[in-house]
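Presented below is the structure to which this report refers.
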Amino acid sequence: MNGRKVKFEKAVVSVSEMAAALDLSRSRFYQLLDAQILPHPVYDIRTHRPIYPQDLQEKCLAVRQTGIGFNGQYILFYSPRKNHESAPK
């Protein structure tokens with residue numbers, strides 16, 4: 001998150017968008033959901049897709065910023081890796 005504050009303009013976002021906003025892979029995002037570190041999404045009744053409305057988006061971002069999970073457990077987030085395109089082989 002690099003000290004920047006993320007604010008969504010959308011009323012709802014997908015799981016992929018939420019994971020990207022938190023600088024997490026979808027795999028790691030689902031691990032944190034299973035551990036109840038992050039709040040579970042709500043499901044659209046019509047499409048059955050998982051979505052994050054504005055209030056849950058803010059809670060997810062707060063978990064990342066404070067390091068205190070949705071369940072009250074402490075969590076350490078590492079900085080995302082730098083992508084070195086011209087790394088020696």
Side-chain angles (χ1 to χ4, degrees):
M1 303 225 359
N2 307 354
R4 63 185 161 90
K5 198 160 193 166
V6 177
K7 183 70 174 164
F8 285 109
E9 299 295 326
K10 295 181 178 181
V12 295
V13 295
S14 67
V15 169
S16 295
E17 290 173 308
M18 193 73 249
L22 297 173
D23 289 328
L24 299 171
S25 66
R26 284 187 307 161
S27 172
R28 180 64 176 145
F29 187 83
Y30 279 110
Q31 287 175 348
L32 295 174
L33 281 179
D34 290 342
Q36 298 179 352
I37 299 294
L38 293 172
H40 284 274
V42 296
Y43 289 84
D44 185 307
I45 295 172
R46 186 174 49 86
T47 63
H48 303 286
R49 289 187 61 186
I51 55 174
Y52 280 90
Q54 192 69 41
D55 62 327
L56 288 179
Q57 293 172 39
E58 291 171 4
K59 289 178 183 176
C60 287
L61 293 171
V63 167
R64 176 70 189 218
Q65 291 169 351
T66 64
I68 300 173
F70 191 65
N71 61 359
Q73 182 179 348
Y74 295 113
I75 179 77
L76 294 175
F77 292 98
Y78 296 106
S79 298
R81 293 182 181 176
K82 303 280 189 232
N83 190 5
H84 298 289
E85 294 177 14
S86 61
K89 295 181 181 180

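Keep in mind that the numbers below use all heavy atoms, side chains included, and drop hydrogens, waters and symmetry copies. As the structure is a prediction and not an experimental result, all values here were calculated from the model.
Residues L38 and F70 come closest through the heavy atom pair C-CB, 4.1 Å. Here the shortest heavy-atom pairing between D23 and R64 reads O-NH1, 4.1 Å. The shortest non-hydrogen separation linking N71 to A35 is ND2-O, 3.3 Å. The nearest pair of heavy atoms linking Q57 to K10 is NE2-O, 3.8 Å.
How far CZ of R49 is from CG of D44: 8.5 Å, rounded to the nearest 0.5 Å. A distance of 9.0 Å separates CG of L32 from CG of L22, quoted to the nearest 0.5 Å. Distance check, rounded to the nearest 0.5 Å: OH of Y78 to CG of L24 gives 13.5 Å.
When each of C60, P41, P50 is checked for a side-chain contact (heavy atoms from CB on, under 4.5 Å) with M18, only C60 meets the rule. Checked options I37, V63, I68; the residue passing with Q73 is I37 (criterion: side-chain contact (heavy atoms from CB on, under 4.5 Å)).
Within the 3.5 Å criterion, the main-chain N or O of E17 finds no donor-acceptor partner in the side chain of Y52.
Follow the hydrophobic side-chain contacts under 4.5 Å out from L56 and you reach Y30 in the same cluster.
Taking the side chain as every heavy atom from C-beta outward, I51 and V13 never approach each other to under 4.5 Å.
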